[in-house]
Amino acid sequence: MSMMTPKEMAITAVKALDEKKGLEISALEITDLTTIADYFVIASGTSNTQINALCGAVEKAMDEADEPALRREGYRDGTWVLLDYGAVVVHVFNQEAREFYGLERLWKDGVPMDLSDIVTPN
C-alpha cells in the first residue's frame with residue numbers, strides 16, 4: 001500500500017529524472033481534470049540510451065520508496081516511455097516525440113508544479 005502522497009511520488013520521480021540530466025522536466029497536477037492520475041511528470045532525453053537511463057532512475061527511486069510501477073509502455077522504440085504509478089504517470093520522450101504529442105498543450109488546464117527548488121537548471 002502506498003505510503004507516499006501523489007505529490008511526493010511526483011517529486012521523487014522529478015528528482016530521479018534530474019539526477020540523470022533529464023531535459024525540460026515538468027510536472028502537472030491533473031487531479032481535477034481526469035481520473036487517469038493526479039500528476040503527469042514529463043521529461044526529455046537526448047537518446048534511447050539516456051531515455052532508458054532516465055526511466056531506470058525513476059524505477060529505482062520509486063522501488064526504493066516501495067512504489068513499484070504498475071505498468072511500463074514503450075521501452076522498445078525509445079521515443080516515448082510511460083511509467084504508470086497509478087496516481088503519477090511519468091512520460092519520458094525524445095525531443096521529436098515530445099513536440100509531436102504535446103502533452104503540456106493537451107493538458108494545459110493542469111496546474112504546473114513549481115520545480116525551481118528541485119530541478120537543476122539545464
Side-chain angles (χ1 to χ4, degrees):
M1 192 175 126
S2 178
M3 292 291 131
M4 282 201 282
T5 66
K7 185 173 185 174
E8 289 167 337
M9 290 170 70
I11 289 169
T12 298
V14 166
K15 285 179 177 172
L17 292 165
D18 187 52
E19 282 169 17
K20 288 289 180 198
K21 310 276 187 274
L23 302 175
E24 298 174 52
I25 301 167
S26 67
L28 291 174
E29 184 178 356
I30 55 171
T31 313
D32 298 337
L33 304 177
T34 181
T35 55
I36 296 171
D38 294 320
Y39 289 89
F40 277 171
V41 175
I42 305 165
S44 299
T46 54
S47 65
N48 283 14
T49 306
Q50 189 193 19
I51 289 169
N52 286 327
L54 290 166
C55 292
V58 170
E59 289 176 312
K60 183 175 186 279
M62 296 298 261
D63 284 346
E64 286 169 1
D66 209 21
E67 297 286 351
L70 305 175
R71 218 174 67 219
R72 294 170 193 80
E73 301 279 335
Y75 265 112
R76 272 180 298 288
D77 64 356
T79 57
W80 177 7
V81 179
L82 180 149
L83 302 171
D84 184 352
Y85 290 94
V88 175
V89 178
V90 179
H91 303 268
V92 183
F93 291 97
N94 70 12
Q95 205 54 51
E96 266 177 76
R98 184 167 181 168
E99 286 165 22
F100 179 79
Y101 291 106
L103 288 188
E104 287 98 339
R105 245 186 355 267
L106 289 172
W107 295 92
K108 64 181 182 294
D109 295 337
V111 180
M113 269 176 80
D114 177 5
L115 303 178
S116 56
D117 296 348
I118 303 167
V119 173
T120 312
N122 43 8

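Source: prediction; values computed, not measured. One-based numbering along the sequence shown.
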Checklist line | Step-by-step salt bridge (Lys or Arg N to Asp or Glu O under 4.0 Å) determination, Glu64 to Lys60 | finding: CA-CA 6 Å; Glu64 286 169 1; Lys60 183 175 186 279; 3.0 Å; yes
Checklist line | side-chain contact (heavy atoms from CB on, under 4.5 Å) assessment of Glu73 paired with Val81 | finding: CA-CA 6 Å; Glu73 301 279 335; Val81 179; over 6 Å; no
Margin query: Determine whether Leu83 and His91 satisfy the following criterion, side-chain contact (heavy atoms from CB on, under 4.5 Å), listing intermediate values before the conclusion.
Written below: CA-CA 7 Å; Leu83 302 171; His91 303 268; over 6 Å; no
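Considering every non-hydrogen atom in both Ala13 and Val90, the closest pair reads CB-CG2, 3.8 Å. When all heavy atoms of Pro68 and Asp63 are compared, the closest pair comes out as CA-OD1, 3.5 Å. In this structure, Tyr39 and Ile30 approach most closely via the heavy-atom pair N-CG1, 4.1 Å. Scanning all heavy atoms of the two residues, the minimum distance from Asp38 to Pro6 falls at OD2-CG, 3.3 Å. Across Ala37 and Val89, no two heavy atoms sit closer than the pair CB-CG2, 3.8 Å. The two residues Thr12 and Ala61 come nearest to each other via the heavy atoms CG2-CB, 3.9 Å.
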Show every donor-acceptor pair shorter than 3.5 Å between a side-chain atom in residues 107-118 and any protein atom, with sequence neighbours excluded, or say none if there are none.
residue	atom	partner	partner atom	Å
Asp114	OD1	Ser116	N	2.9
Asp114	OD1	Ser116	OG	2.6
Asp114	OD2	Ser116	OG	3.4

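Panel note: side chain Arg98, backbone Glu24; a donor-acceptor pair is recorded below 3.5 Å. With Glu8 contributing its side chain and Thr5 its backbone, the two residues share a donor-acceptor pair below 3.5 Å. Using a distance-only test at 3.5 Å, with no hydrogens or angles considered, a donor-acceptor pair links the side chain of Gln50 to the main chain of Lys21.
Here the CE-OH distance, from Met62 to Tyr85, works out to 5.5 Å after rounding to the nearest 0.5 Å. With rounding to the nearest 0.5 angstrom, the CG atom of Asn48 is 7.5 Å from the CG atom of Asn94. How far NZ of Lys20 is from CG of Leu54: 8.5 Å, rounded to the nearest 0.5 Å. In this structure, CD on Glu99 lies 9.0 Å from CZ on Arg105, to the nearest 0.5 angstrom. Rounding to the nearest 0.5 angstrom, the gap separating the CE atom in Met9 from the CD atom in Glu67 is 4.0 Å. Between the CG atom of Leu17 and the CD1 atom of Ile25 there is a distance of 5.0 Å, given to the nearest 0.5 Å.
In the displayed structure, Glu96 atom CD is contacted under 6.0 Å by at most 12 heavy atoms of other residues, nucleotides or ligands.
Qualifying ring pair (Phe, Tyr, Trp, His ring centres under 6.0 Å) partners for Phe93, counting only residues two or more places apart in sequence or in other chains: Trp80. Under the side chain to side chain contact (heavy atoms under 4.5 Å, CB included) criterion, Ala53 pairs with no residue, sequence neighbours left out.
Counting only heavy atoms from C-beta outward, the side chains of Glu104 and Ile42 approach each other to under 4.5 Å.
A side-chain donor-acceptor contact under 3.5 Å links Thr120 and Asp18.
Phe40 and Leu106 fall within a single hydrophobic cluster, where Ile, Leu, Val, Met, Phe, Trp and Tyr are joined by side-chain heavy atoms under 4.5 Å apart, directly or via other members.
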